[in-house]
Student: 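Sharing a structure, written as structure tokens. Questions coming.
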Amino acid sequence: MNYQYKNEFRHHLVDWFNREKRDLPWRRTSDPYKIWVSEIMLQQTRVDTVIPYYNRFLEKYPTMQSLAYAPQEELLKMWEGLGYYSRARNLQAGVKEVVEKYNAVVPDNRHDLSKLKGIGPYTAGAILSIAYNKPEHAVDGNVMRVLSRVLHIEEDIALPKTRKVFEEAVDMLIDKDYPGDFNQAIMDLGAMICTPTSPKCLLCPVRDYCIAFQEGDTEQLPIKSKKIKTKKVIYNIYVAVDKQGNYLIEKRPNEGLLANMWQFPMIEMTKETTKDAFEKQYNVQIENYLNNDFMKFKHIFSHLTWEMECYLVQVQQLNQLPANAHFLPIGKIRELPMSVPMLKILNILN
DNA sequence: CAGTCGTGGAA
DNA sequence: TTTCCAAGACT
């Protein structure tokens with residue numbers, strides 16, 4: 001794209017943004033911390049989903065200091081249902097480092113920003129351009145989709161190395177006077193006009209500069225290869241009550257899927273799984289099956305599917321429980337952070 | 001690089 | 001019902 005067209009492209013794009021931009025909570029602040037929070041929540045997550053979480057989160061943690069030393073249990077509860085829970089842990093670690101190492105001032109350069117937990121190339125660029133008005137690229141899925149069409153880039157956007165191509169494209173096109181608006185404009189364009197399917201090209205402010213529109217192959221771009229197949233895992237889940245009416249609950253390991261979230265005991269069902277696996281693993285004895293198969297459902301994660309069959313059982317504790325397991329009253333359990341499938345079970349208990 | 005890490009909504 | 005996601009980062 002030649003110099004004159006680049007200028008026109010920028011101005012049409014930013015002018016459109018100023019007319020049509022969505023009124024979003026994080027666009028009502030210039031606080032780098034709040035913009036940081038929004039960018040973390042928005043990773044792989046829809047705007048409509050994020051909004052209520054964002055408002056509640058900043059009401060609870062209005063400053064970096066308030067977040068830096070919050071109990072992780074409370075933090076995870078604030079994140080409950082939003083998914084990708086390591087984001088919450090990394091955000092807190094990053095904020096804590098800014099408080100302690102940078103005197104609670106969010107760094108304004110890519111080098112320092114990128115070293116903070118949870119801040120990758122996109123988020124660094126987003127914070128720098130939106131909060132600090134720095135001409136830094138912020139390449140996300142929207143940017144790759146929009147620019148793959150405008151510039152007719154046919155690289156496979158599923159490959160990590162491809163991001164570099166689009167970063168260079170943004171470096172070439174970005175409006176150095178309004179870098180934050182420019183980056184957000186492409187993202188809004190991708191969300192509202194240049195959508196994955198059925199793009200609204202007739203409403204597009206940069207249609208005249210779009211090679212894919214000229215070629216008539218907008219629907220063929222971007223090119224994306226990778227397809228993920230989800231594996232299936234089958235679990236028996238035991239909602240176990242003792243004589244005092246307390247429920248057996250356990251905390252997941254601090255790494256991996258749903259790290260540090262709480263759950264009802266679950267036993268993976270394989271060919272080798274024995275019938276008394278639950279009793280042996282938790283040192284309890286089932287005295288009574290209160291309700292066989294009182295709930296049966298599946299939950300689909302990004303890369304795997306849980307098929308769950310739930311049992312409501314009365315138990316007696318025989319020996320010491322595993323370290324991360326406890327009998328707790330239902331009221332206490334409702335205060336613990338739990339994954340969506342576990343919440344579905346919890347919600348039908350009285 | 002390829003796999004891991006959640007969820008709810010849209011086509 | 002199935003597929004593909006949506007403002008990615010980490011290992």
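Within every chain, numbering begins at 1; the chains are lettered A, B, ... in the order of the sequence lines, protein sequences first and strands thereafter.
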Student: Of the options B/dA2, B/dG6, C/dA6, whose atoms approach the side-chain atoms of A/L257 most closely?
Tutor: B/dG6
Student: Rounded to the nearest Å, what distance is computed from the CG atom of residue A/N254 to the P atom of nucleotide B/dT4?
Tutor: 19 Å
Student: For A/H326, check ring-ring contact (aromatic ring centres under 6.0 Å, His included) against everything at least two apart and list the hits.
Tutor: A/W262
Student: Can you name the closest pair of heavy atoms from A/Y33 and A/Y61 and give their distance?
Tutor: OH-O, 2.8 Å
Student: Can you list every ring pair (Phe, Tyr, Trp, His ring centres under 6.0 Å) pair that touches residues 149-170 of chain A, not counting sequence neighbours?
Tutor: none
Student: To the nearest Å, how far apart are A/E39 CD and C/dA9 P?
Tutor: 9 Å
Student: Take the protein atom CD1 of A/I40 and the nucleotide atom P of C/dC10, then report the distance between them rounded to whole Å.
Tutor: 8 Å
Student: Distance check, C1' atoms only: C/dG8 and B/dC1, in whole angstrom units.
Tutor: 16 Å
Student: Please write out each protein N/O paired with an N/O of nucleotides 8-11 of chain B under 3.5 Å, distance rounded to 0.1 Å.
Tutor:
residue : atom : partner : partner atom : Å
B/dG8   : N2   : A/R46   : NH1          : 2.6

Student: Heavy atoms only, 4.0 Å cut-off, all strands: where does A/R89 land among base, sugar-phosphate and nothing?
Tutor: nothing
Student: Could you check how far CE of A/M144 sits from C1' of C/dC5, rounded to whole Å?
Tutor: 13 Å
Student: Report which part of the nucleic acid A/R27 touches: base, sugar-phosphate, or nothing (heavy-atom distance under 4.0 Å, all strands).
Tutor: base
Student: Which pairs, with at least one residue in residues 79-107 of chain A and sequence neighbours excluded, count as a salt bridge (charged side-chain N to carboxylate O under 4.0 Å, His left out)?
Tutor: A/K77-A/E80, A/E97-A/K101
Student: Which residue pairs satisfy the side chain to side chain donor-acceptor pair (under 3.5 Å) criterion with at least one member in residues 248-258 of chain A, sequence neighbours excluded?
Tutor: A/E250-A/Q263, A/E250-A/Y282, A/R252-A/Q263
Student: Closest approach to the side chain of A/L159, judged atom by atom: which nucleotide of C/dA6, C/dA9, B/dA2 is it?
Tutor: B/dA2
Student: May I have the distance from A/Q43 (atom CD) to C/dC10 (atom P), rounded to whole angstrom?
Tutor: 8 Å
Student: Between A/R27 and A/D188, is there a salt bridge with N-O shorter than 4.0 Å?
Tutor: yes
Student: Measure from the side chain of A/Y84, starting at C-beta and using heavy atoms only, and say which of C/dA9, B/dG6, B/dC1 lies closest.
Tutor: B/dG6
Student: Roughly how many Å is it from CH2 in A/W79 to P in B/dG6, rounded to a whole number?
Tutor: 12 Å
Student: Can a side chain N or O of A/K231 be found less than 4.0 Å away from OP1 or OP2 on B/dG3?
Tutor: no
Student: Counting only heavy atoms and a strict 4.0 angstrom limit, can you tell me which residues of residues 115-131 of chain A come near DNA chain C?
Tutor: A/K117, A/G118, A/I119, A/G120, A/P121, A/Y122, A/T123
Student: Sort and list the pairs that fulfil side chain to side chain donor-acceptor pair (under 3.5 Å) and have at least one residue in residues 122-133 of chain A, not counting sequence neighbours.
Tutor: A/E39-A/Y122, A/Q43-A/T123, A/S129-A/N183
Student: Run the ring-ring contact (aromatic ring centres under 6.0 Å, His included) test against A/F182 and tell me which residues pass, sequence neighbours left out.
Tutor: none
Student: Please state how far atom CZ in A/R87 lies from atom C1' in C/dG8, giving the value in whole angstrom units.
Tutor: 9 Å
Student: Please list all pairs passing the salt bridge (charged side-chain N to carboxylate O under 4.0 Å, His left out) test where one or both residues lie in residues 60-72 of chain A, with sequence neighbours left out.
Tutor: A/K60-A/E74
Student: Using a cut-off of 4.0 Å on non-hydrogen atoms, how would the nucleic acid contact of A/G256 be classed: base, sugar-phosphate, or nothing?
Tutor: sugar-phosphate
Student: Hey, can you pull the residues of residues 50-60 of chain A with a non-hydrogen atom under 4.0 angstrom from DNA chain C?
Tutor: none
Student: Testing A/F264, A/Y238, A/F278 for ring-ring contact (aromatic ring centres under 6.0 Å, His included) with A/Y311, which one passes?
Tutor: A/Y238
Student: Which residues satisfy the ring-ring contact (aromatic ring centres under 6.0 Å, His included) test with A/F213, sequence neighbours excluded?
Tutor: none
Student: With sequence neighbours excluded, tell me which residues meet ring-ring contact (aromatic ring centres under 6.0 Å, His included) with A/W306.
Tutor: A/Y235, A/F301
Student: When you compare B/dC5 with C/dA6, how far apart are their C1' atoms, in angstrom units rounded to a whole number?
Tutor: 15 Å
Student: Just checking, any donor-acceptor pair under 3.5 angstrom between side chains of A/T274 and A/D276?
Tutor: yes
Student: Between A/H303 and B/dT4, does any side-chain N or O lie under 4.0 Å from OP1 or OP2?
Tutor: no
Student: Rounding to an integer number of Å, can you tell me how far A/R145 CZ sits from C/dC4 P?
Tutor: 16 Å
Student: If we take the P atom in both C/dA9 and B/dG8, what is their distance in whole Å?
Tutor: 23 Å
Student: How would you label the contact of A/W26 with the nucleic acid (heavy atoms, under 4.0 Å): base, sugar-phosphate, or nothing?
Tutor: base
